[in-house]
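Everything below concerns the one structure shown next.
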Amino acid sequence: MPTAEAPVKLLPLTRRPPVLRLLAVALLAEIGFAVLNISTMPVYLANDRQFGESAIGLVLTAFLLSEAAFKSPMGHLAERVGRKMLMVVGPALCAVTPLLSLAVPHHLGANETLLFVALRVVDGLGAAMIWPATFAAMADSVDEGEQQQAMSLLNVCYLLGIALALPIGGIVNDLTGRTWSSLILATLLFAGVAITVGRFMRPDGQAHRLPPPEHSSIELAKLAETAREIPAYVALAVVIFAGIGFPMAIIKLFAQQEFGMSESAFGALVFPAAIAMAVLSVPMSRYGERLGRVRAVHLGLGLCSGGLTLIALGAFFEGLRTPLALAVGAIPVGIGFLLAIPAWMTSVSEINPNRRAANLGVVMTAQGVGAIIGAPVGAALYEKLQVFGADFGRYSPFVGCALCVVGGWVLSLRILSEPSGTAPER
């Protein structure tokens, strides 16, 4: 049998059908989530529902909180019932909620906000089903030495998803003249994910499932035990993603209100940079492999810190309050992201191959916790600090983002060192 497998191993990852199917699923899913949460929901709630930025941050936080709360349990469940089942059920749930969002009656006061919060909780559950299962399925589909490159390809899908979601969602809304049109688009995208998985992904067998005794229950003690295996990554995930959460709810509103951009114009600004990042993702992951995973994380976070600091200085210096300064600052952020994330996630996936989904779920939960901290705070700062000047208030979430990422970079230098064995040292 080794001779029969040899030609398959020589094929590039992007020519292997199992890998391509997972990449298609990840791309469609990320476009769906970016269209729903970044491109459409904040603008729809602000313009059609007259929600303030703080309320918009609360709705997005409900999604992040639900996703974080369910990711670890869903990672364990993926080990027990198989990856494919969760990768069908999750997007099927998310295909329904945008339509239900349109059905929420107007002018219900606090009840209107609560209904949107409830729907985003369901979205978070769907996302929690999709991502740990998808990352674990990708790790299962490639050899150990190829996992960092495979994670980088999933990273490409993440970047392309955001890159495509912003212009596509904006163009759909601008062409129809309605800010809710992209909610229909999100439904179609999630339905496409469920159909793609159900129709084309092979059922995963028992080889990557743990025996029933190890997954007989999903308990907080078990999740805490998993987290203790990777404390450095858990700590970094919370700090870094708190920073990422700061501008998450207001990024499109920021472009509209600070620069007067239409939805299509903002998408046109983001698209070329994100496509360039996607093209560079695999070469950068290979460079990261040569650096070593820990050095790749250190260098990547350092670059992110520099770029975000430049953007954040727009809060204090008028000359830096331009789309060009924003784009220039985004370049090292993008390169740093490409270096750090694949190395980070690959290390987590290799701690214990029999618990990949569980370990990835814990790290993703920590990321969600960080975003939950950052998103509502950033939205509230955006709204409330405009009393000190509209520009300062609008840039304040980027100041919080930069402070968290710089703090995470310093933390990474102290707690992450080259691993001994399979676990990172503290």
Side-chain angles (χ1 to χ4, degrees), residues 22 25-26 28-30 32-33 36-37 61-97 118-141 151 154 157-158 161 190 193-194 196-198 201 203-206 208-230 233-234 237-238 241 345 348-349 351-372:
L22 289 169
V25 165
L28 286 174
E30 185 52 43
F33 284 117
L36 182 60
N37 292 309
T61 300
F63 168 79
L64 297 171
L65 179 60
S66 174
E67 185 180 16
F70 285 114
K71 261 184 178 172
S72 285
M74 291 304 104
H76 283 279
L77 190 61
E79 305 283 8
R80 187 173 182 181
V81 303
R83 303 4 176 168
K84 181 174 181 177
M85 180 179 294
L86 296 188
M87 292 170 66
V88 171
V89 175
L93 289 175
C94 295
V96 176
T97 56
L119 290 171
R120 302 291 76 77
V121 168
V122 177
D123 286 335
L125 173 60
M129 290 181 177
I130 294 170
W131 294 122
T134 301
F135 273 81
M138 180 64 81
D140 295 340
S141 300
M151 296 300 173
L154 286 175
C157 293
Y158 175 83
F190 288 124
V193 174
T196 299
V197 174
M201 184 173 169
D204 42 332
Q206 302 297 322
H208 301 294
R209 299 189 198 177
L210 292 179
E214 185 149 353
H215 280 283
S216 57
S217 62
I218 299 174
E219 302 171 349
L220 289 177
K222 186 180 291 294
L223 301 184
E225 178 184 352
T226 302
R228 284 195 295 269
E229 295 181 13
I230 47 175
Y233 288 102
V234 170
V238 172
F241 277 77
M345 299 306 289
V348 174
S349 74
I351 290 170
N352 184 345
N354 290 325
R355 294 175 61 85
R356 280 183 180 134
N359 289 336
L360 287 165
V362 165
V363 167
M364 291 178 179
T365 295
Q367 293 172 355
V369 169
I372 288 163

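Keep in mind it's a predicted model, so treat the numbers as computed, not measured.
- When all heavy atoms of Ala137 and Arg83 are compared, the closest pair comes out as CB-CG, 3.8 Å.
- Taking all atoms of both residues into account, the shortest heavy-atom contact from Met87 to Val193 is O-CG1, 4.4 Å.
- Summarising the geometry, atom CE belonging to Met201 is positioned 7.0 Å from atom OG belonging to Ser141; distances are rounded to the nearest 0.5 Å.
- The salt bridge (Lys or Arg N to Asp or Glu O under 4.0 Å) contacts involving residues 124-138 comprise nothing, where partners must be two or more places apart or lie in separate chains.
- For residues 121-138, every residue pair satisfying the salt bridge (Lys or Arg N to Asp or Glu O under 4.0 Å) rule, not counting sequence neighbours, is listed here: Arg120-Asp123.
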TODO: Start with the C-alpha gap between Phe63 and Leu36, add the side-chain angles, then the distance that decides, and say whether side-chain contact (heavy atoms from CB on, under 4.5 Å) holds.
DONE: CA-CA 11 Å; Phe63 168 79; Leu36 182 60; over 6 Å; no

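- The heavy-atom pair separating Cys157 from Ala26 by the smallest distance is CB-CB, 4.0 Å.
- Contact record, Gly126 with Cys94: CA-SG, 3.8 Å, taken as the closest heavy-atom pair.
- Partners of Glu67 by salt bridge (Lys or Arg N to Asp or Glu O under 4.0 Å), not counting sequence neighbours, listed by chain and number: Lys71.
- Across all non-hydrogen atoms, the minimal contact from Ala127 to Pro132 is O-CD, 4.3 Å.
- Distance CG/Leu28 to OG1/Thr196: 5.5 Å, rounded to 0.5 Å.
- Applying the side chain to side chain donor-acceptor pair (under 3.5 Å) test to residues at least two apart or on different chains, none of the pairs has a partner in residues 125-135.
- Nearest heavy atoms, Ala237 versus Val363: CB-O, 4.0 Å.
- Legend: residues meeting side-chain contact (heavy atoms from CB on, under 4.5 Å) with Phe70, ordered by chain and number and at least two apart, are Ser66, Met74, Leu125, Ala128.
- Between the OG1 atom in Thr97 and the CG atom in Leu119 there is a gap of 6.5 Å [rounded to 0.5 Å].
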